[in-house]
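All residue numbers in this chain count up from 1 along the given sequence. Just so you know, these numbers come straight off a predicted model, no measurement behind them.
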Amino acid sequence: MGMGGRTAMSTERARMRGEADILTLAQWLSPSFPIGAFAYSHGVEAAVAAGWVQDRDSLQGWLLDTLRYGTGRSDAIWLRLGAAAADDAGLVRLDAEARAFSPAVSRRVEAERQGAAFVKTVGAVWSLPLPDVVLPLAVGAAVGRHGIDTELGVMLYLQAFVSNIASAAQRLMPLGQTQAQSVIAALQPTCREVAQETQGARLADIESHCFLSDIAAMRHDTLEPRMFQS
């Protein structure tokens with residue numbers, strides 16, 4: 001076989017592997033993946049109760065800030081750190097740091113429980129044994145150990161993050177399916193930008209300037225009645 005034939009075969013294998021990785025990520029980050037994502041609003045329930053989020057536009061603004069300056073950006077960095085972790089010991093050390101950054105009990109529980117559920121399923125189905133760590137670290141570690149492109153993992157993770165909160169908002173206020181989908185679509189460029197901006201980020205780059213989101217998470221701890229766990 002000549003050089004051209006070997007190059008073509010190599011290109012075809014890379015294409016097929018890329019397609020397989022996209023399908024795997026789509027499954028891991030799907031609403032049907034059993035991590036209980038439907039039970040969490042990431043503080044939006046408290047934000048709706050306070051009147052901070054009332055309609056499509058205010059939800060989109062809330063999510064835009066959360067992506068750029070709050071959990072979205074932080075989770076993108078945690079995912080990258082998880083993907084780069086050399087071993088379980090390093091992953092567990094990162095997990096202790098990530099839990100310490102949680103601004104409220106409900107926010108920490110959200111990340112812990114979803115992470116544990118994710119670890120359980122990828123271990124059983126994909127034979128990826130991982131320690132119980134918070135969700136972005138768990139996804140990152142699975143991405144790294146399964147050989148999936150980290151950039152793709154970060155972008156799809158952020159899209160799933162936005163989608164879950166938009167779905168929660170539909171159950172909390174007058175927001176139709178079309179409006180919710182328009183919010184998710186409008187935030188796609190932001191998901192890509194945050195993914196690009198966090199390339200090469202380190203633990204020291206974790207920060208949050210999304211103060212109302214953190215306050216909403218704190219308020220949710222004592223919110224009654226409530227529909228969601230966060």
Side-chain angles (χ1 to χ4, degrees), residues 10 13-30 33-37 40 42 66-103 107-162 164 191-209:
S10 178
R13 290 194 193 97
R15 183 188 65 80
M16 293 177 64
R17 176 58 194 268
E19 290 174 351
D21 288 349
I22 291 171
L23 290 175
T24 299
L25 275 174
Q27 184 173 354
W28 288 353
L29 299 172
S30 164
F33 204 75
I35 63 172
Y40 304 96
H42 204 72
T66 304
L67 280 172
R68 283 198 176 280
Y69 311 114
T71 306
R73 180 181 179 278
S74 297
D75 277 7
I77 298 174
W78 289 122
L79 194 155
R80 291 181 181 282
L81 294 173
D87 51 32
D88 284 356
L91 199 58
V92 169
R93 285 193 294 271
L94 286 170
D95 182 64
E97 296 275 4
R99 292 171 193 247
F101 272 90
S102 298
R107 184 76 61 79
R108 176 172 53 77
V109 169
E110 173 186 333
E112 288 174 347
R113 291 181 179 173
Q114 290 188 83
F118 181 87
V119 164
K120 179 180 179 181
T121 303
V122 297
V125 179
W126 284 270
S127 299
L128 287 172
L130 297 170
D132 281 348
V133 293
V134 294
L135 183 63
L137 286 174
V139 174
V143 163
R145 297 182 188 189
H146 202 59
I148 295 175
D149 179 60
T150 304
E151 303 307 314
L152 183 62
V154 172
M155 283 191 291
L156 291 184
Y157 178 94
L158 293 175
Q159 170 114 336
F161 173 77
V162 167
N164 186 65
C191 291
R192 294 197 302 270
E193 289 164 10
V194 172
Q196 292 169 357
E197 291 165 3
T198 55
Q199 290 179 4
R202 302 167 300 169
L203 180 59
D205 296 313
I206 298 285
E207 59 185 23
S208 174
H209 302 287

### Task
Please report the closest heavy-atom contact between Leu158 and Ala195, naming both atoms and the distance.
CD1-N, 4.2 Å
### Message
For Phe118, give me all partners under ring pair (Phe, Tyr, Trp, His ring centres under 6.0 Å), at least two apart in sequence or on another chain.
### Response
Trp28, Phe33
### Task
Find the distance between OG1 (Thr150) and CG (Leu81) and round it off to the nearest 0.5 Å.
10.5 Å
### Task
With sequence neighbours left out, write down each residue that passes ring pair (Phe, Tyr, Trp, His ring centres under 6.0 Å) with Phe101, or none if nothing qualifies.
Trp78
### Summary
The reported gap from CG in Leu137 to CG in Asp95 (rounded to nearest 0.5 angstrom) is 6.0 Å
### Note, Arg107 side chain near Thr71 side chain (heavy atom, < 4.5 Å)
yes
### Task
Look up atom CG in Leu152 and atom OG1 in Thr24, then write down how far apart they are to the nearest 0.5 Å.
10.0 Å
### Message
Tell me the closest heavy-atom pair linking Leu130 and Val119, and the distance in Å.
### Response
O-CG1, 3.1 Å
### Query
Atom CZ of Arg108 and atom CZ of Arg113: how far apart are they, to the nearest 0.5 Å?
9.5 Å
### Message
Which heavy atom of Gly115 sits nearest to which heavy atom of Ala138, and what is that distance?
### Response
O-CB, 4.2 Å
### Closest contact, heavy atoms only, Val162 versus Cys191
CG2-SG, 4.4 Å
### Query
At what distance, to the nearest 0.5 angstrom, does OG1 of Thr66 lie from NE2 of His42?
6.5 Å
#### Entry: Pairs satisfying salt bridge (Lys or Arg N to Asp or Glu O under 4.0 Å), at least one member in residues 120-149, at least two apart
Asp88-Arg145
### Heavy-atom pair with the smallest gap, counting every atom of Ala76 and Val154
CB-CG1, 3.7 Å
### Evaluation steps, side chain to side chain contact (heavy atoms under 4.5 Å, CB included), between Asp205 and Arg73
CA-CA 10 Å; Asp205 296 313; Arg73 180 181 179 278; 4.2 Å; yes
### Task
Output, in order, the C-alpha distance, side-chain angles, deciding distance and verdict of side chain to side chain contact (heavy atoms under 4.5 Å, CB included) for Gln199 and Arg80.
CA-CA 8 Å; Gln199 290 179 4; Arg80 291 181 181 282; 3.5 Å; yes
### Query
Ile35 pairs by side chain to side chain contact (heavy atoms under 4.5 Å, CB included) with which of Asn164, Leu135, Leu29?
Leu135
### Task
Report the C-alpha distance between Asp75 and Leu79 in whole Å, list the side-chain angles of each, state the deciding distance to 0.1 Å, and finish with yes or no for side chain to side chain contact (heavy atoms under 4.5 Å, CB included).
CA-CA 6 Å; Asp75 277 7; Leu79 194 155; over 6 Å; no
### Straight-line distance of Leu25 CG to His146 NE2, nearest 0.5 Å
8.5 Å
### Message
Closer than 3.5 angstrom, by distance alone: can the side chain of Gln114 be matched with the main-chain N or O of Glu110 as a donor-acceptor pair?
### Response
yes
### Check against side chain to side chain contact (heavy atoms under 4.5 Å, CB included), Val133 and Leu94
CA-CA 9 Å; Val133 293; Leu94 286 170; over 6 Å; no
### Task
List the atom of Leu91, the atom of Ala85, and the distance in Å for their closest heavy-atom pair.
CD1-CB, 4.0 Å
